[in-house]
Amino acid sequence: MARYELVKRSVALITLTNPPVNSLSSAVRHGIAKTMDRALSDPKVTAVVICGENGRFCGGADIREFAGPMRGPPLLPLLDSIEAGEKPVVAAIEGVALGGGLELALVCHYRIAHSKARLGLPEVTLGLLPAAGGTQRLPRLIGIPAALELITTGRHVSSQEALKLGIVDQVTEQNVCEVAVEFALRAVAKPLSSRRLSALTVPCPPDLDALLEAVTMQIQKKARGMMAPLACVQAVRAAATMPYSQGIKRESELMATLFNSGQARALQYCFFAERTAGKWTLPSGAQWNDTKPREIRSAAVIGLGTMGRGIAVSLARVGISVIAVESDKKLMETGRQMVIGMLERDAKRRGVSASLNLLKFTLSLQDLKDVDLVIEAVFEDMALKKRVFQELSKLCRPTTLLCSNTSGLDVDALAGVTDRPQLVIGMHFFSPAHVMKLLEVVCGPRSSSETIATAMSLGKRMEKVSVAVGNCPGFVGNRMLKPYSDQATFLLEEGATPEQIDKVLEDFGFAMGVFRMSDLAGLDVGWRVRKESGLTGPDVDPKNPPRRRQGRKYCPIPDMVCEQGRFGQKTGRGWYMYDKPGGTNAKPDPLIQNLLETYRSRYGIKPRNITDQEIIDRCLFALANEGFRILEDGIAARPEDIDVIYQFGYGFPRHRGGPMFYASMVGLERVLERLEHYHQAHPDVPHLEPSPLLKKLVACGSPPIQKWREHIKTMHSHL
Ligand SMILES: CCCCCCCCCCCCC/C=C/C(=O)SCCNC(=O)CCNC(=O)[C@H](O)C(C)(C)COP(=O)(O)OP(=O)(O)OC[C@H]1O[C@@H](n2cnc3c(N)ncnc32)[C@H](O)[C@@H]1OP(=O)(O)O
């Protein structure tokens, strides 16, 4: 796992060979130990160069090994011994030097990076800290403020920035190994003591306490509830205030606390879940790695509302030419200005030029006849969407892919009105579409594998995390949202307030509680859907009991809020009040309090004290319960896909893994027991009835989440 060669007769070239990222697995650590011994003991060798195979220096520790007992030579003493050696060691950094990979480079006496390399200590994103000396060596090399920023955020830096910061000694555009070998030969006679970072004193800023305090406060605000960034601050404090040997001890102690924490397990699960999510498989056997996507050079977006604008920006900024269509001149002009403004701001932020020449705006669908792909983003109305798809089917060339940005309507019904159902697919973006990372690729029963591959690959090109899901009302994300938000409104009836529920969910780690999120999204959207599905509005039989619909419990409070014209942030009033329409500063509104009190007294509901735990259990277990049903129904292929959707689309805290991982961490028995308890108390709420899959998993001894699939595989898949 580490190759040894003698080059230029006196330089030992050690190449890490563990594709794809040369992670520091036990075998690689073993290989490094063996080859370093050989280099240091061979009198012919005067210097050593360490590099990585296939253009990648090293992606860090092997994250998969963290799940089991640690075997092989421990990293920390291995790295210390490289630094202590009497022959100069040069790191030749190509591709990436991340985590343990950068820590390996930091114990080398010199570092040469290729101009395209990226360096960083991303352990914090895995719930850990750089515990192979990184928290102690980096501050000694680049100072406390810069090291603190890199270690607490996990940000990757370019080799140019690394050179400016002093992390690397030289950046080259040439073959980095050859440059490093020449460099090593020149370093042979030079003293090494000043190159051993552990022996340096830390350049300590005079206002250390104030700096650490400010960073801590920033973390508490941005990374609410996360342990690892705070532990990183403590480790860097140790570097500033203790000798190296004690600092290292502190680093190890902090790592030990993090290493076995639920947060680290959740974040490492997320790392792999995100990568697994792109790997779709159909019951036919077609899958991600054997289906070639079509190349998309041109696309059209129909509708320049909030979603359409974001989609147009997402396409144009990755070099796809876009024709944007509106039905009315005024709307088209507004859309044009917004899209151009968004693209310009985005380009400025990225330091590139805005690709405005790729945009064309039109009022005529006729202009779309030659595009490779169309994304429809008109109003969420099935009849309207069907008309658009019928028209597209007539106008576009027969090979054009037709995609809908519907957030929950039947993609197969849209396919059915076209002449090419195999080329129809859902591409469900999240608002704002140029910012949000999630894309649900909704596969209809007739979508071809090439169509799926193309939509997934287009998502990747637009830098989205794309997840293939099956076709059912609401797909995965919005289908699960219903039981979650229903529980929240039932809790309002029983005595809770919107601000109490939101606070509990935000303390849990959600970016926004359910009511603040609804205010942001617009309450009228759900109201219209409820009216269309006969749950509220003039069509409901007046003899219908007010708190029951379609044979189950129904809470009319959200309708009552909408009837008052309170549609959320955009109207300045919703579950909260805002300074003005479009305002974002949510304040509790006494009118909502009144509405709740009047409602409860009208229906004789005696408000009770509701604990934080009940709020968490009812909202989150109802959410996960629907997730189990989605798995049973074959709408999502695996629990990881659901968790990725919830993290990237709904602000589920990453350090909790996602609703399905959270359920597995709480314990499936407990989830089942609580759902049974709440379902008994509310038998008219079917979402609280434990799903058969949950019961089956508990009956099988609650296997780990990675094994759930084995218990679902016989069921029918919609993918
Ligand atoms: C009482 C208890 C005491 C406990 C004490 C414990 C002591 C332990 C001490 C150990 C100290 C170690 C300190 C060091 C820690 C670390 O180094 S943690 C790892 C830090 N590194 C990272 O976070 C980098 C992660 N990887 C990436 O960001 C990207 O993969 C990449 C390198 C930038 C490449 O990106 P890309 O080209 O897009 O490819 P991907 O699809 O992401 O990855 C390709 C496949 O490689 C797998 N992979 C990537 N990195 C790793 C890794 N570090 N370990 C294992 N596997 C990795 C990835 O999953 C992909 O796999 P497949 O999907 O199967 O193809």
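What you see is a predicted model, and the numbers here were worked out from it, not measured in a lab. One-based numbering, in listed order, for ligands and for the atoms of each.
- Between the side chain of Glu83 and the backbone N or O of Leu197, at least one donor-acceptor pair lies under 3.5 Å.
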Kindly print each ligand 1 N/O atom paired with any protein N/O atom under 3.5 angstrom away, one pair per line, or none if nothing qualifies.
unit_1, atom_1, unit_2, atom_2, d
ligand 1, 17 (O), Ala61, N, 2.8
ligand 1, 17 (O), Gly100, N, 2.7
ligand 1, 21 (N), Gly59, O, 2.9
ligand 1, 37 (O), Arg56, NH2, 2.4
ligand 1, 42 (O), Arg275, NE, 2.6
ligand 1, 42 (O), Arg275, NH2, 3.1
ligand 1, 53 (N), Gly59, O, 3.3
ligand 1, 53 (N), Ala61, O, 2.8
ligand 1, 54 (N), Ala61, O, 3.4
ligand 1, 54 (N), Ile63, N, 2.9
ligand 1, 63 (O), Lys279, NZ, 2.6

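- Listed for the Asp372 side chain is a donor-acceptor partner under 3.5 Å among the backbone atoms of Arg297.
- Listed by first and then second residue, the ring pair (Phe, Tyr, Trp, His ring centres under 6.0 Å) pairs involving residues 82-112 are Tyr110-Phe183 (not counting sequence neighbours).
- With hydrogens and angles ignored, the 3.5 Å screen pairs a side-chain donor or acceptor of Arg275 with a backbone N or O of Phe271.
- With respect to Asp346 and Arg317, a salt bridge is recorded, a charged nitrogen being found less than 4.0 Å from a carboxylate O.
- By the neighbour-count criterion of 12 heavy atoms within 6.0 Å, atom CD of Glu5 is densely surrounded, having more than that number from other residues, nucleotides or ligands.
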